[in-house]
Every structure is written in structure tokens, then in C-alpha cells.
Amino acid sequence: MRTRVLPGVAAAAALLISGCAGGGAPAPAPPGAAAAAAAAGFPARVADCAGRETAFDGPAARIVTSNAAALEMLLELGAGERLVGTGYPPGRGYLPGALAERGARVPVLGQQGIAKEKLLGSGADLYVDTFGAMSMGGGTGGQPSEQEFAAAGIKHVFLLSTACAAQGKAPRTDLAEVQRDVERLGAVTGTGERARQLTAAMAGKTGRVAAALAALPAERRPSYFFFDVDAGTKQPMAVCNRQVANAVITLAGARNVFADCDASFRPVGWEDVVARDPDWIQLGIRDKGGEEENRRAYEEAEQFLRTFPATRGLTAVREGRFLRIGSEVTTIAGVRNADTVERIARTLHPDLVKVGP
């Protein structure tokens, strides 16, 4: 037996040779099938947050995703034609132009979580779970058990960058787990070469920023508050150090003002934001589906901060240091996280970071 090890961050994913466990004798493979599978990197294994491994003898053919994060990754990998359903569908305008048309054709199995019966009866052979231990998948009836997934012929894998966040033992300061997820999905769909191209491009972008900021001392890295506008203005929702946005902010040469919060998100008070007095504030709106709608949403968010008694005296507000960068590309794990690193870094450190278009 041979072992297949992907280069770079994917090596950590331990994609090992294995046969699939299951009842009954497998059907005879057609001539040349084994050679074709081996050439595509099969058999392969991927592990979940707890180390439980799932084996693949060949590429997944009918895939359901729990939300837009895994859906976008699979579209980027060129596996969109295999998507037979999703929960938490991407909002209007969320997917970039090249992917939007294909993404719009993916059947929506649940506006939020997918009902257990619908998921188990979807005909899928793979369910990509973004939530895992957060118990947000499964919809009505709860999440299917592993025995129920197996009985329906559905393999169940996770996005480690999101499902495992709450179990993390250290703050997230890079995009290694996101890149690893892209390569894991590439491994189980037989699109490994495309996955490596995507992660190499991500690493190139963040690497150029890191090189440009290498000599920047800590005291010149400004404090930064991600204002989750759509979470509401009555009580702000802090982006904490287990969230992918903490990695984006850190890589861009800033200091998340809530980096001491050991969680993904946490409700805080405006007095907490005031006490940390950020140098910069990102107006993190969710895409409204059009340029004009987004512009209005950004302006309303900025106007709130300029007029709300608790925030109008903040350094970032007084100095007009606002970034109009969407919520999804900052807080949802995906290829575009690296683009957000570049955008933030160019704004905060224009004298140092001159990369990208």
C-alpha cells in the first residue's frame, strides 16, 4: 500500500491510504478503475476535529453542504456540478460573479439547518459539515447520528477551520486551517491540483503581506474592531481569537481589540468597545445584493457610530478610520480571506504594503 501526502499545509491533514469500511462485498471495479483512482489520489482519508477518519475509495459524486463556506470552496474547486443541495444558502450578492450563477442553481434544502429527514433522503454520498460541535447543522430533528449517515450511504466530513474552532487551544493567527480545508475537499473530490493552485495563491498573497510587514514593530500595529453591523447595534458582537477574522486581522498587521476573548464570537457591551478605543473600525456588513444597497448600508453603519453617544468619541470615529469590507469575506472561511488580508493591510499600512491590483 502507498501513502499519499499533499504538499504544504495539506500534509497536516494526513491523507492516508485506506479502504472504506462497510457491509457487503464491493462490486467488481471496471478495468483500469483502480489505476485511474490511484492517479487521482485515491484511496484517501480525512480526519475530523476528534481524529475520526473517513475513507474515500474514489471522488464524491453527490455533495450536500451545510452552509455557504463549504459551498463556495467546492465551487472554487470546480466541483459545483456535484452539489445537490445546501443549507444556509449564500445571500444575494455574496458569491463572486464567476461563481454566482452556478451557486444559484444549487438546491436549497434548508434556509438554515437542513432537516434530518431531508438530509438523509437527499441522495448525497457526502455531507460537508461547517458547524460540527456547534450543533447548527441538521435542522428539524437534530443532526443525524454517524450510524444514520452510514445507513443512508452518506460520508460525513467537517471543515476543520470552522467546526473545530471552539476546541482550539490557541488563538488563530494564520489561514493554515482554511488552506488545509481547501486541500482536504480537493482530496475527496479528486480536484487536488486545483486545490493546490488555490492554496498556493492564498499563501502567496499573505506571504507578500507578511514580508512587507516583517520589520513593523508591535507598537505600530494599530488596534482594530470588527463591527458586525448585521448582528445589531444594541449590543455589539465581538470577533474573538478563535474566529477566522482574528487571523485575517492579525495577518494584515493589526491587533484585534478582542483578541483576549477565547471564543469565536461573544456578545459584549459598548462600554467594552469604548474601553479598548480602536484605531480602526471595519464596517462588516453582509452583502445586500447590489452596489447601491451596500453603499447605503455602509453609510448607515458609519452614521450610527458617528452619532451614537457611546461611540462618537472613539479614536477611529473621530479620525474617520473606517474600512468598508464585507462581513462574509472576513468571517467565513474561504479562499477570499487572503484577499481581505491584502485589502486591510493596504489600508492600514499603505507605505509598506503595495501588493495586489
Side-chain angles (χ1 to χ4, degrees), residues 4-16 41 44-56 59-60 63-80 82-83 86-88 90 95 99 103 126-134 136-137 155-168 170 172-206 242-248 251 264 328-341:
R4 176 176 181 262
V5 181
L6 293 175
V9 295
L15 300 177
L16 305 177
R45 281 185 180 269
V46 294
D48 66 10
C49 310
R52 180 188 66 87
E53 293 184 327
T54 301
F56 291 80
I63 306 170
V64 170
T65 57
S66 64
N67 85 336
L71 183 143
E72 183 177 358
M73 287 184 188
L74 288 162
L75 290 173
E76 290 276 12
L77 287 167
R82 304 185 219 172
L83 287 160
T86 191
Y88 286 93
L95 289 171
L99 306 181
L126 173 63
Y127 176 56
V128 184
D129 192 344
T130 304
F131 306 117
M134 292 185 285
M136 293 175 69
K155 295 182 185 295
H156 180 203
V157 303
F158 298 84
L159 290 189
L160 303 185
S161 57
T162 51
C164 307
Q167 304 171 31
R172 300 178 63 183
T173 57
D174 60 41
L175 298 179
E177 283 187 337
V178 180
Q179 293 170 256
R180 196 166 101 190
D181 276 335
V182 172
E183 294 201 356
R184 290 169 79 249
L185 291 182
V188 303
T189 57
T191 59
E193 180 58 33
R194 173 61 177 163
R196 289 187 285 275
Q197 292 170 0
L198 290 170
T199 56
M202 290 178 68
K205 292 170 184 176
T206 58
R242 300 304 197 260
Q243 223 285 323
V244 67
N246 188 74
V248 170
L251 288 169
S264 292
E328 294 98 337
V329 295
T330 310
T331 63
I332 295 179
V335 173
R336 290 186 287 169
N337 293 151
D339 301 318
T340 306
V341 170

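Looking at every heavy atom in both residues, Leu126 comes nearest to Ala60 through CD2-CB, 3.6 Å. Pairing each heavy atom of Phe56 with each of Lys155, the nearest pair is CE2-CD, 3.4 Å. What you find for Leu83 and Leu75 is that their closest heavy atoms are CD1-CD2, 3.9 Å. In terms of heavy-atom proximity, Met202 sits nearest to Gly334 at CE-O, 3.8 Å. The shortest heavy-atom contact between Leu175 and Ala247 is CD2-CB, 4.1 Å.
Taking the side chain to side chain contact (heavy atoms under 4.5 Å, CB included) definition, one finds that Ala333 meets it with Met73, Ser161, Thr162, Val178, Asn337, sequence neighbours left out. In this structure Thr206 satisfies the side-chain hydrogen bond (donor to acceptor under 3.5 Å, both in side chains) test with no other residue, sequence neighbours excluded.
Going from atom CG of Asn246 over to atom OG1 of Thr331 covers 12.5 Å, rounded to the nearest 0.5 Å. Separating the CG atom in Leu71 from the CD atom in Glu76 is a distance of 11.0 Å, to the nearest 0.5 Å. Taking OG1 of Thr189 as the reference point, atom CG of Leu74 lies at 6.5 Å (rounded to 0.5 Å). Between the CG atom in Leu95 and the CZ atom in Arg336 there is a gap of 6.5 Å [rounded to 0.5 Å]. Here the straight-line distance linking atom OH of Tyr127 with atom OG of Ser66 works out to 4.0 Å at 0.5 Å rounding.
At least one donor-acceptor pair under 3.5 Å links the side chain of Arg184 to the backbone N or O of Phe158.
With respect to Thr65, the side-chain hydrogen bond (donor to acceptor under 3.5 Å, both in side chains) criterion is satisfied by exactly one of Thr86, Asp129, Thr130: Thr86.
Contact check on Glu183 versus Arg180 returns no salt bridge, with no Lys/Arg side-chain nitrogen under 4.0 Å from an Asp/Glu carboxylate oxygen.
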